[in-house]
Novice: 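One structure follows; several queries about it will come next.
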Amino acid sequence: MTAKEYNLAVDQFADGIYRFALRHLKNEMSAKDIVQETYTRVWIKHEDVSYEKAKSYLFTTAYHAIIDWFKAEKRGFADGPIAEIAGTTSSPSVDLQEILHQALETLPVIQKTVVLLRDYEGYNYAEIAEIAGLNEAQVKVYIFRARKALQAYIRRIDLVI
């Protein structure tokens with residue numbers, strides 16, 4: 001990838017990487033750090049990356065930077081729910097978007113990652129498999145399980161009353 005193509009990749013994909021990181025980290029500064037770290041890592045290997053694969057390579061790098069961030073912060077990202085947010089909606093007006101964000105927070109990181117890549121960023125199963133280092137069957141299983149968990153969370157009666 002040339003310097004011009006690298007700059008073009010920054011313009012095209014930085015916002016998507018930021019949104020991806022922000023959904024995981026829930027911290028704007030940390031998400032911006034992940035974007036910076038991602039582009040730094042890609043610049044170091046820019047000569048080995050073709051521009052046609054830049055988007056996939058960038059999201060893969062961002063995914064690994066997020067995992068590194070969790071490890072550095074010593075958070076239990078694969079040990080189950082990240083947060084338990086039950087019964088926080090007590091007003092008569094229900095914000096479904098907020099409930100969905102709360103439901104996403106209950107997922108293990110790998111399930112959250114594949115759902116975000118599929119449903120928010122629009123990647124296909126093969127691209128998600130490449131980014132997350134899984135095979136397509138595993139991606140489909142994680143997405144299925146995540147969607148079932150999200151569905152169960154949203155259907156809980158105490159959240160919509």
Side-chain angles (χ1 to χ4, degrees), residues 9 12-39 41-42 53-161:
Q12 286 181 329
F13 308 122
D15 289 340
I17 292 170
Y18 173 75
R19 285 190 312 270
F20 179 66
L22 186 61
R23 295 256 186 234
H24 278 288
L25 306 176
K26 297 295 181 197
N27 182 309
E28 291 181 16
M29 293 303 293
S30 296
K32 288 177 182 177
D33 289 345
I34 292 295
V35 173
Q36 283 291 102
E37 180 65 21
T38 298
Y39 279 102
R41 290 180 185 183
V42 171
K53 300 227 177 204
K55 183 178 180 183
S56 177
Y57 192 84
L58 284 164
F59 274 89
T60 301
T61 304
Y63 172 72
H64 290 291
I66 290 167
I67 289 175
D68 292 345
W69 182 87
F70 276 114
K71 287 178 182 176
E73 293 294 317
K74 295 181 181 174
R75 296 183 182 186
F77 64 93
D79 296 335
I82 294 173
E84 181 60 38
I85 311 171
T88 58
T89 306
S90 59
S91 65
S93 64
V94 176
D95 183 6
L96 293 178
Q97 188 72 12
E98 181 60 30
I99 292 173
L100 182 58
H101 290 299
Q102 292 172 357
L104 279 170
E105 288 303 311
T106 66
L107 296 175
V109 169
I110 188 65
Q111 288 181 5
K112 183 177 178 181
T113 297
V114 295
V115 165
L116 289 174
L117 288 172
R118 178 71 177 167
D119 296 334
Y120 283 84
E121 299 298 330
Y123 280 99
N124 64 40
Y125 294 120
E127 291 170 327
I128 296 169
E130 184 179 334
I131 289 169
L134 305 168
N135 63 46
E136 283 188 53
Q138 290 172 312
V139 168
K140 290 176 183 178
V141 167
Y142 283 130
I143 289 173
F144 176 79
R145 289 179 181 165
R147 287 179 177 164
K148 284 295 186 186
L150 292 173
Q151 185 179 46
Y153 186 93
I154 291 170
R155 284 189 177 165
R156 288 184 36 199
I157 192 74
D158 60 336
L159 290 176
V160 271
I161 293 181

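Starting from 1, each residue takes its place in the sequence as its number.
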Novice: Is any side-chain heavy atom of Glu127 closer than 4.5 Å to a side-chain heavy atom of Glu130?
Specialist: no
Novice: Indicate the atoms forming the closest heavy-atom contact of Arg118 with Asn124, along with that distance.
Specialist: NH1-CA, 3.4 Å
Novice: Output the distance between atom OG1 (Thr38) and atom CG (Leu58), rounded to the nearest 0.5 Å.
Specialist: 7.0 Å
Novice: What pair of heavy atoms forms the shortest contact from Ala62 to Ile17, and how long is it?
Specialist: CB-CG2, 3.8 Å
Novice: Are any of the side-chain heavy atoms of Glu37 and Asp68 separated by less than 4.5 Å?
Specialist: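 Contact flag for Glu37/Asp68 side chains = no.
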Novice: Taking the side chain as every heavy atom from C-beta outward, state whether Leu134 and Ile110 have any pair of such atoms under 4.5 Å apart.
Specialist: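 Leu134 vs Ile110: side chains touch.
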Novice: Report the distance from atom CG of Leu22 to atom CD1 of Ile66, rounding to the nearest 0.5 Å.
Specialist: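 With rounding to 0.5 Å, CG (Leu22) is 10.0 Å from CD1 (Ile66).
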Novice: So, are Lys26 and Glu105 salt-bridged, with charged N and O less than 4.0 Å apart?
Specialist: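 Answer for the salt bridge query: yes.
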Novice: Which value, rounded to the nearest 0.5 Å, describes the distance between Ile34 atom CD1 and Leu25 atom CG?
Specialist: 5.5 Å
Novice: I need the minimum non-hydrogen distance between Ala146 and Val115, along with the two atoms involved.
Specialist: CB-CG2, 3.2 Å
Novice: Identify the heavy atoms of Leu107 and Ala149 that sit nearest to each other, and give their distance.
Specialist: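 Reported closest heavy-atom pair: CD2-CB, 3.7 Å.
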Novice: Who pairs with Glu121 by salt bridge (Lys or Arg N to Asp or Glu O under 4.0 Å), at least two apart in sequence or on another chain?
Specialist: Arg19
Novice: Please check this pair: side chain of Tyr63 against backbone of Gly133, looking for a donor-acceptor N/O pair closer than 3.5 Å.
Specialist: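 Flag not set: sc Tyr63 to bb Gly133 has no pair under 3.5 Å.
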Novice: Answer yes or no: is there a side-chain heavy-atom contact under 4.5 Å between Leu104 and Tyr120?
Specialist: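 Side-chain contact under 4.5 Å: yes.
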Novice: Looking at every heavy atom in both Tyr39 and Ala14, which two are closest together, and how far apart are they?
Specialist: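 Looks like OH-N, 3.2 Å.
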Novice: Can you tell me how far CZ of Phe70 sits from NE2 of His24, rounded to the nearest 0.5 angstrom?
Specialist: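 Interatomic distance, His24 NE2 to Phe70 CZ, rounded to 0.5 Å: 7.0 Å.
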Novice: For the pair Lys55 (side chain) and Gln12 (backbone), establish whether a donor and an acceptor sit closer than 3.5 Å, ignoring hydrogens and angles.
Specialist: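 Judged by distance alone, no pair lies under 3.5 Å.
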Novice: Can you tell me how far apart CD1 (Ile143) and CG (Leu150) are? Round to the nearest 0.5 Å.
Specialist: 11.5 Å
Novice: Over all heavy atoms of both residues, which pair between Arg23 and Lys112 is shortest? Give the atoms and the distance, please.
Specialist: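 Arg23 and Lys112 have their closest heavy atoms at O-NZ, 2.5 Å.
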Novice: List the residues meeting ring pair (Phe, Tyr, Trp, His ring centres under 6.0 Å) with Tyr123, not counting sequence neighbours, and say none if there are none.
Specialist: Phe59
Novice: With rounding to the nearest 0.5 angstrom, report the CG to CZ distance, Leu116 to Phe20.
Specialist: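 Leu116 atom CG to Phe20 atom CZ measures 6.5 Å (nearest 0.5 Å).
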Novice: With a 3.5 Å cut-off and sequence neighbours excluded, list the donor-acceptor pairs that the side chains of residues 135-142 form with protein atoms.
Specialist:
unit_1 : atom_1 : unit_2 : atom_2 : d
Asn135 : OD1    : Ala137 : N      : 3.0
Asn135 : OD1    : Gln138 : N      : 2.8
Gln138 : OE1    : Asn135 : N      : 2.9

